[in-house]
Amino acid sequence: AQKVTQAQTEISVVEKEDVTLDCVYETRDTTYYLFWYKQPPSGELVFLIRRNSFDEQNEISGRYSWNFQKSTSSFNFTITASQVVDSAVYFCALSEAGGKLIFGQGTELSVKP
Amino acid sequence: KAGVTQTPRYLIKTRGQQVTLSCSPISGHRSVSWYQQTPGQGLQFLFEYFSETQRNKGNFPGRFSGRQFSNSRSEMNVSTLELGDSALYLCASSLVPGGGNTEAFFGQGTRLTVV
């Protein structure tokens with residue numbers, strides 16, 4: 001069965017600190033996709049990144065970076081030099097080919113000035 | 001380019017009533033998915049529509065139904081509302097169906113409160 005676990009329910013950091021959000025997934029498929037979404041207080045889920053199971057290359061986009069490790073079934077997300085605007089709930093999600101999104105429980109990040 | 005539009009944004013209904021929520025996808029997107037978000041259960045998949053056909057369905061009772069029109073707009077209906085149906089209902093649109101095969105863009109959701 002598919003499952004996504006985000007063990008960190010809440011994280012609080014001070015602005016400019018680096019923070020890593022953990023995501024561990026379970027799937028029996030060899031083809032799958034991993035996602036990170038950001039949910040600000042307004043409610044909509046903002047797409048951050050999509051990764052397929054065959055591409056383990058880490059990715060960096062500005063202050064954001066993602067570490068995908070199939071050996072540990074993890075897809076962790078790091079924000080470098082966090083800012084107050086990064087405060088939100090972050091969701092990791094898994095989708096098998098052609099399937100629905102399975103979300104983790106989310107990690108609420110609070111960045112204090 | 002306009003994003004995903006969900007209406008209404010907020011809704012208060014009484015137990016036993018029914019409700020219809022609307023979602024207009026991004027222009028050109030033909031796939032619409034619905035998700036329910038609650039504090040206890042998190043984000044759960046309801047169903048997915050593509051070209052007016054339900055392609056996939058989550059584990060929800062038959063009180064939850066949906067449809068998609070020829071212009072790709074979608075509606076979901078919940079009949080005989082229960083208190084536990086109180087949730088944020090999110091709609092996502094994508095070019096093609098299939099979850100991981102493409103990016104899904106979400107609307108701001110409809111906040112349903114059942115009293």
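Remember, predicted model here, so these are calculated numbers, not experimental data. Naming: A, B, ... by sequence-line order, numbering from 1 per chain.
Side chains of A/S73 and A/E26: no donor on one and acceptor on the other come within 3.5 Å. With hydrogens and angles left out, the side-chain atoms of A/T78 and A/T20 include a donor and acceptor closer than 3.5 Å. Between the side chains of B/R30 and B/S51, at least one donor N or O lies within less than 3.5 Å of an accepting N or O.
Using a cutoff of 4.0 Å between basic side-chain nitrogens and carboxylate oxygens, B/D85 and B/K13 are not scored as salt-bridged.
Neither the backbone nor the side chain of B/R111 comes within contact range of chain A; no heavy atoms are under 4.5 Å apart. At a 4.5 Å heavy-atom cutoff, the contact between B/L90 and chain A is made by side-chain atoms alone. Only the side chain of B/Y35 comes within contact range of chain A, with heavy atoms under 4.5 Å apart. If you measure heavy-atom distances from B/Q41 to chain A, the contacts under 4.5 Å come from the backbone alone.
Between chain A and the residues B/Q6, B/Q37, B/Q108, the most heavy-atom pairs under 4.5 angstrom are made by B/Q108. Interface remark: of the candidates B/C91, B/S33, B/G107, B/G107 forms the most heavy-atom pairs closer than 4.5 Å to chain A.
Nearest heavy atom pair, residue B/K57 against residue B/F45, reads C-CE2, 3.6 Å.
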